[in-house]
Each structure stands twice: as structure tokens, then as C-alpha cells.
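The block underneath contains the structure these notes are about, expressed in C-alpha cells.
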There are 2 protein chains.
Amino acid sequence: MQENYVDKNFSSLISDLQKLIQQPSVSAKNVGLEECSRLIVQMMRKSGIRAEILYVKKGVPPAIYGEVTSRQNPDKTLLFYNHYDVQPEEPVELWDDKPFSGKIKGNKIFGRGSADDKGELITRIKAVESFLKTTGDVPCNIKFFIEGEEEIGSVHIEDYLKKYKEKLSCDAVIWEFGYVDEQDRPIISLGMKGLLYVELSKTESIRDAHSSLAVIIENPAWRLVGALKTLRDDDGRILIKDWYKEVDKFTQEDIKIIASEPFDEHSFKKEYGITKFVGNKKGIAIKKALVGEPTCNIAGFASGYDGPGAKTVLPSKALVKIDFRLVPKMNPKKQLLRLKNHLRQNGFGDIQVTLIHGEAAARTAISDPFVGAVKKAADASFGRSILSVSSAGTGPMFSFVKFLRSPCIAIGSTYIFSRIHSPNEFARIDLLKKTTKCMCKIIRNFAS
Amino acid sequence: MQENYVDKNFSSLISDLQKLIQQPSVSAKNVGLEECSRLIVQMMRKSGIRAEILYVKKGVPPAIYGEVTSRQNPDKTLLFYNHYDVQPEEPVELWDDKPFSGKIKGNKIFGRGSADDKGELITRIKAVESFLKTTGDVPCNIKFFIEGEEEIGSVHIEDYLKKYKEKLSCDAVIWEFGYVDEQDRPIISLGMKGLLYVELSKTESIRDAHSSLAVIIENPAWRLVGALKTLRDDDGRILIKDWYKEVDKFTQEDIKIIASEPFDEHSFKKEYGITKFVGNKKGIAIKKALVGEPTCNIAGFASGYDGPGAKTVLPSKALVKIDFRLVPKMNPKKQLLRLKNHLRQNGFGDIQVTLIHGEAAARTAISDPFVGAVKKAADASFGRSILSVSSAGTGPMFSFVKFLRSPCIAIGSTYIFSRIHSPNEFARIDLLKKTTKCMCKIIRNFAS
């Protein structure tokens, strides 16, 4: 019934999405954020959703709150988490049309934000609208939380979740993104890794010196090389004491699901031009690593001269940026202390460690009934779907778990090659329709 | 007698030096090189020296050759090696006067090139002039070789030395620079270290990846860290097989001289803001290292992101620049092969090694009679002097030894804090006069 409504009124979903795309909202440049949030409030109200703008403090982009109370089932609440901000449109010259065009060509609608995340948002608003317009009610309470800083690291998400904890309270969360693979299978992702991002730096002297003095002045780049070598072995295993202490082994159920996740080794190698994987991993080991292996990655190393030819300089300082991906139960603060202790105990106490970002991992248990509700809806809408224990990436999922104490699942309409963050970003129109109907089913399954 | 001539005609030395400074000759920018070389030829001819311009090939700055044949002693030849090019004058805003002013204030004459190397050149031309104007002859044959690329690495010096080998043949060389310390003691330097400058690079994949993929894609920065750690221990000792094979121990005589060289540990530490030396060196160990220890220095390390904050990137490539200082008998080509073998044997054969620059060390034996001749002249002119077995720096001295087979000694008029390569470079007028007289004595001592 709601699915029929979605079919009949699909042209309004597309024209609303075009309006959203045509309103730039680039958080990195602080462009159009107020305007876009007001536009979304209008749109939600038109669909029958009570909507308001939330603030935490001056200078922070506003968030949007939306709500529909269910008369038939007021004790169960589903929250949709989305974001209205987009990545910068640059490099503009590589777009075939204007970056905020909303232009339709065949099965695609183009523009920055078309997929990430305005396309996802509109399917959710329209799914809720379909209930209100056909039955005048919703199967359970519905809430929306739409932030404006996702593309710059969700800097104030905890401020919002803390301040509006009561308002946002819910029993389950549908996450902001969700991918659909090359075979049109939606990927239902149950978790995200955490992140500990630090800078290691060493300043040895007050000025760069002529490198002939390297016989007597210490080189800070050598210090960092020495320290780094103690952190990780060649197969990627982290050598810091107790680093893996809280890490749980995979359950039998996890392994079953991981084994069933598709991963095309050959295409992946071709895509990146590589011939083997870290530690010579093969088969399920690759998939296990993506889902549940902590990493220690050198994201940047800078010291001295990197121009053409020879400059005989002894640099006065050196800097390394490291990102550690974390898995559930690893506490970023505790891991940071372990890193600092490790450096001290290995004679590198002179190296300065600066915390840039810390975020814990989160994962919804496969046994949670919410997983079944979503999986059933996805299978019904797409014919089949893929369960994923965790994405290899990081997002603020743990903050939601911490403040709202609800399971979170990522599922959506974003075709995996839809060029998000890149020129010519698009959303696939067929997937927008299928996903809107899938959201209707998720709401029904969750409510019942 | 020549010394009296120098005193009486000293104002012409100063005015000629001003003319030289006022003619910019910046090799890095290819500015004024032809003009400056013509000016020097004129000046040399005015002093009674036969002078001509030498070329090797189109686009290479000219060099200047000068010659006076001795009637009384035509079998012995002393060659002065100098350069007429200067460092760029930038940053211009930090100069108190215009960079090419030649302005005199008290005991100082200011301007780019005043000390390095036009001040040195003029003392040598005027010393030769003093013989010609007082006796109509010189005590031995005199030659000049004045290049125009010293400040950009003497790129074509071997082309000149090879092409004009006969013309430049000599029995001894006075090197282009020479320092005078804070206590007005000239430093007589008998050698220079060699240099092997290489790039180590590793390209892992065809594009940067999201760092969540660090569980499976190798990180090229980790590869370089691993390779680097095998090259050198924490005390600076190089771990490459046979690296020190040809290195001679210091002789007793070397050690005596090294022990007598002054080195103010306290001032040096203060100058660079450091608290200890590499490998905790103290006393004579520091001086021995500066004179004769090979080094392995990271001159640059670049990979991934080095901007503010966090970027979760897995870089596709990493680059390290290393300069190895070499001591006598170490052959840059052979050492390069040893480095490559070492990497291969340690499992790092995938790392690309690119040679940027190779230059052997050179050292004149303390027992060479030319050392005594120079030392005697310096002591007589300055009251005392310091013998130095080798500078810690590198210059094309080995090329001279290879093609001309002559001992080389660096001695000159450059006050150690005269800001060469920096704004407000100056030459001390008293030292210009003393050094000109010292050159007269060197010529006499060498000839007799």
C-alpha cells in the first residue's frame, strides 16, 4: 500500500532531491548550511513530519530534528540519522555539468550530495510520508536527526547527542549511508571501526643544520624511524604491549557471515595496481582483516627536503601522522596511554605524542532482532542482500551507542561506484525507488 | 718588499673588490656571469696577469684562466682555484643596504660575494700583482682557474679539468675558501669529505587509498622505515657490509693535529639548542668525527599527508633522501653498489635507489712539503694558525687531485661569522690585507 504510494508519487521525490542538490551546503567552506537546513525543515513539514532546527552553540552548523508520534504503537521508536552537508565540489573542471545541477541523464541524477547524503535522506522522508498520506499514522514513532558536519568529522555530534539525549531517545537507528554493490545487492553493515589518530614529532635542534654536522647533531627523522620500527611488524601486527588485550575473537556466527561476504581479490588488486596483500593474506583472512583487524598506518611522514635534486640538510624536526583503526572494546584513550608507555619503555620518551582524534568502534550484534527486521526488508525489496559485520571505515556510531544505547545499522541507496566525494557524483534513480520501498518495509518490520 | 707594496696600494684592492661586488653574478639565476667574467679578465690583465675566458660547451657559464710564467723558476707552478659566481641575494628585505652595494662601514665591506668568493679572489690577484710591480717577475709560475658554477655544485668542473688538463697542470693548489676563526687564527684545511647522495623510493599502488584499507594494502612508508632501520645504528654507525672497508685509521700525526684543533662544545650546543652529541661523543671524539667519520643522514622523508589535523590516507608512495659523507679511499660508485646489495640482501630489493650525486673525498697528507710552506706563511702573517686534517664539508677537491694530481690546501681571508650565503654578508678589511700578505709569503715559501 505504501509501496504503491511511492510508485505513484515518485516524481515528487526526484524533484525534491533536485531542490536539495541545487542548494549547496558545503561544511568545509561554511556555505549554504543555514539555507539548506531551512529547506529541509520545509520539506519535512510538507510530508507531515514535525520538524525543527537544533543548535548547540554559536558558530556550529545547525542540526535538524524531525518527529512523528505513532498512535497505534507509541512505545517503539526508530531514528534516522543523516547529514545535509556535502563535500566541497572541487575540482570543478572535472564535472561534466555544474556541480549543483541536479541534472537527470537516463537512470542517474547528478550533483554533489545526490548520493551522499541527500539521496539517502529523501528516501527516508518519503517513506514516512507514504505512511502518513495513506493511513494518517505511522507503525511506530519516527525520529530524524540530520547533522551538518559529517563531512568535516562530525565535530560536535557528541554535543548534540548529549544536549538532546531525551529528544533523540530511540530503540534503533538507521545509519546515514548504505551501499548497493555491482550486483544490486544492498550491504547491511552492522558496525564501524574506531580510530586513534596521533602525531609523533621530534624537534632536535633550533634550526636546520648543514648535513656535514650529522656526525655530531642527532637527526630527528632517524629518531622517528627508530620509534616507528618498534610499533609494528612486517605483517602488520602491532607490537605495543596489551594492544590487543580487549579484542574479542570472532564468534562462529561472525565468521559464517564474513565468509559469505563477497570480495573480489582480482578486481581489488587491479584497482590499486598491487600484486599481494599485507602479510600475504588470502581468502577469508582478507575479509576478516577488513572487518576486525586493528591497524597502524603511516598517514604522513615529513622531514627535511623533498624537492628535486640534492639538498644537504640535517633537519631540525620530523613529524609522523599515524592512524590506528580500532575494533570493538578498544578504548582510544587507553590505547593512547599504551602507545605513550610503549615509547617511553623503548627509550623514545623524547618523542612528542599529540592526540588528533579518538573514536571507539561500534558493532550491532547479529543476534539483535533489529538485524533480522532490516535483513528481511532488504531481501524482500532487492531479492537478496549482504550482511556485513563491520565496515572497515570509521564513523561516529559509537557516540550514538553511548548516548542513545540503541543498535545502529547502515542500509541505503548508494550505488558503490557512484563517485561520492568525487566529480560527477550521482544517485541511481532505480535504487532511490527500491530503497524508499525498503525503508517502508523496515519501518513495518521493526514496528511489528 | 711585496708586503710594502700591498700596504701602499691597498686602496686599489678595496676599490676593485667593490667593483666586483657591484657586478652581480648569480649562477642559480644565470645573472651577470658573462659580464663578471669579462670584468675579472680586465682586472687580471691590469695586474699584469695573462688572462682569457674558457668554455666547455654552450649554456655552461665560462671559466677564467690566468697565467704568469716565472723567469727565475719556470719549473714550479702554483694554481689558485676560485669562483666568481655568488649565492642568490634573497631574502632582499633582510639586507641593511642593497645586496650588491660594496658599501664600507668601519672594518667591513658589505655585499653578496664580498667574502664568498670575490674577497678571496682579489687577495690572490693582488699578491701576484705585488711581485710583478716590484720585481717584474714571480718566484714560480702562477696559474688561476676561476669557475662560475661553484654555488650550484660545480656541475661542469670535471669537463673543464679534463678539457684543459695541460693548461691547468700545476704542482700545488690553493683552494677557493679559507676561514679565520674568532681569535683571528686562519684555519689551514687539508681536505674535504666526499658525498654519496641518493633517493630511496617505493611506489606501492597506483593511487592513494583510504587508510581503512591499511589492513590489506602495504604502506610504502612502512617499507622505507624498515629499510632505513637496517642502515644505521643509534650511535650513527653504518651497518652496510664493508662500508668502512677502505677507511684508514687516523695516523698518530693526524690525531695530534685533530687534538690541537679548537672546538667549543658549549657554544656549539648553544648555537643549535642541543644538549648532547650523536652517540654521546665527547672531547676529541667529536673532532675526530667531524674530520673523518662517514655519515648516513636522512636529508628528507616525504610520504602522505603533512597538513594540519587528520587525513586518513594510505599513501601510494614514499621517498627518502639520504646523504652519506665519505672519507678518503671510499669510492662513491662502490659504496652505491654496497648500499644496493645491502637492501637486496635484507629483503628490500623492491626499493628503488636513485643516485643524485657522487663525489669522492680528498685529503692532502700532512707530510707534504706544501703544508709546511703554507703553515709557515700563515704563522708569520697571523702570529698563529690552525691545521685541520679535513673540513666536514664536501667540495670538488677530489676532481682536482684526479686530473691535476696536486696537493690542495684551503686557506683564506673569510672570517668565520661573515654571513656567507646570508643577508649582510661582509668581508673584514683587516683580514683582506693580512691574507694578501700571507699569499705573498705562500708563493715565496712554495717557490723556494
Side-chain angles (χ1 to χ4, degrees), chain A residues 153 193 195 197 204-207 209-219 221-222 225-226 228-229 232 234 236 268 272-274 276-278 281 286 289-290 293 295-306 309-315 318-319 321 323 325 356-357 391-394, chain B residues 153 193 195 197 204-207 209-219 221-222 225-226 228-229 232 234 236 268 272-274 276-278 281 286 289-290 293 295-306 309-315 318-319 321 323 325 356-357 391-394:
Chain A
K193 282 186 178 172
L195 182 68
Y197 199 107
E204 189 61 52
S205 53
I206 53 180
R207 65 176 61 90
H210 191 271
S211 73
S212 61
L213 295 173
V215 278
I216 51 173
I217 300 180
E218 294 275 6
N219 184 317
W222 276 124
V225 164
L228 286 170
K229 196 68 187 76
R232 176 189 179 273
D234 293 343
F268 189 93
Y272 286 97
I274 62 175
K276 63 179 195 67
F277 295 107
V278 171
K281 287 189 192 78
I286 295 166
L290 284 166
E293 197 171 283
T295 61
C296 173
N297 173 61
I298 298 177
F301 196 140
S303 186
Y305 178 71
D306 66 351
K311 184 178 178 184
T312 46
V313 65
L314 170 56
L319 171 77
K321 298 201 175 222
D323 72 292
R325 297 279 166 177
I356 303 290
H357 188 68
S391 154
T394 298
Chain B
K193 282 187 178 171
L195 182 69
Y197 199 106
E204 190 60 52
S205 53
I206 54 181
R207 65 176 61 89
H210 191 270
S211 74
S212 61
L213 295 172
V215 277
I216 51 174
I217 300 180
E218 294 275 6
N219 185 317
W222 276 124
V225 164
L228 285 169
K229 195 67 186 76
R232 174 191 181 272
D234 293 344
F268 188 94
Y272 286 98
I274 61 175
K276 64 180 195 65
F277 294 106
V278 171
K281 289 190 191 77
I286 296 166
L290 284 165
E293 197 170 283
T295 61
C296 174
N297 174 60
I298 298 177
F301 195 141
S303 187
Y305 178 72
D306 67 350
K311 184 179 177 185
T312 45
V313 66
L314 169 57
L319 171 77
K321 298 200 175 224
D323 71 292
R325 298 279 166 178
I356 304 290
H357 189 67
S391 154
T394 299

Practice task
Look at D234(A), L195(A), L213(A) and state which one has the largest set of heavy-atom pairs under 4.5 Å with chain B.
Solution key: L213(A)
Handout entry: Which portion of R325(B) sits near chain A, non-hydrogen atoms under 4.5 angstrom
Key = side chain
Practice task
Under 4.5 Å, counting heavy-atom pairs only, tell me which of D323(A), I356(A), D306(A), V313(A) racks up the most with chain B.
Solution key: V313(A)
Problem - Within-4.5 Å side-chain heavy-atom neighbours: T312(B) and H357(A) - result: no
Exercise for the section: Using non-hydrogen atoms and a 4.5 Å limit, figure out which bit of N219(B) sits close to chain A: side chain, backbone, both or neither. Expected result: side chain
Practice task
Check whether S211(B) gets within reach of chain A through its side chain, its backbone, both or neither, counting any heavy atom under 4.5 Å.
Solution key: both
Handout entry: Most chain A-contacting option - heavy-atom pairs closer than 4.5 Å, from N297(B), L319(B), T394(B)
Key = N297(B)
Handout entry: Flag, side chain of K229(A) to backbone of L228(B), donor-acceptor distance under 3.5 Å
Key = no
Fill in the blank from the handout: Sorted by chain and number, sequence neighbours left out, salt bridge (charged side-chain N to carboxylate O under 4.0 Å, His left out) with R232(B) holds for none
Exercise for the section: Would you please name every residue forming a salt bridge (charged side-chain N to carboxylate O under 4.0 Å, His left out) with K311(B), sequence neighbours left out? Expected result: none
Practice task
Quick one: which of T295(A), I206(A), I298(A) has the most heavy-atom pairs under 4.5 Å with chain B, could you say?
Solution key: I298(A)
Practice task
Look up atom CD1 in I217(A) and atom CD1 in I274(B), then write down how far apart they are to the nearest 0.5 Å.
Solution key: 4.5 Å
Handout entry: Interface residue of largest heavy-atom contact number with chain B, from W222(A), Y272(A), F268(A), F277(A), under 4.5 Å
Key = W222(A)
Exercise for the section: Below 4.5 Å from any heavy atom of chain B, which atoms of F301(A) appear? Answer side chain, backbone, both or neither. Expected result: both
Practice task
Would you mind telling me which of S391(A), A318(A), G309(A), G236(A) has the largest number of heavy-atom pairs within less than 4.5 Å of chain B?
Solution key: G309(A)
Fill in the blank from the handout: Answer key: most heavy-atom pairs under 4.5 Å with chain B among C296(A), A289(A), A299(A), G226(A) is A299(A)
Fill in the blank from the handout: Counting heavy-atom pairs under 4.5 Å with chain A, the top scorer among A392(B), A209(B), P315(B), S212(B) is S212(B)
Fill in the blank from the handout: Cut-off 4.5 Å, heavy atoms of chain A, and the answer for K321(B) is side chain
Completion exercise
Answer key: most heavy-atom pairs under 4.5 Å with chain A among S303(B), A214(B), G273(B) is S303(B)
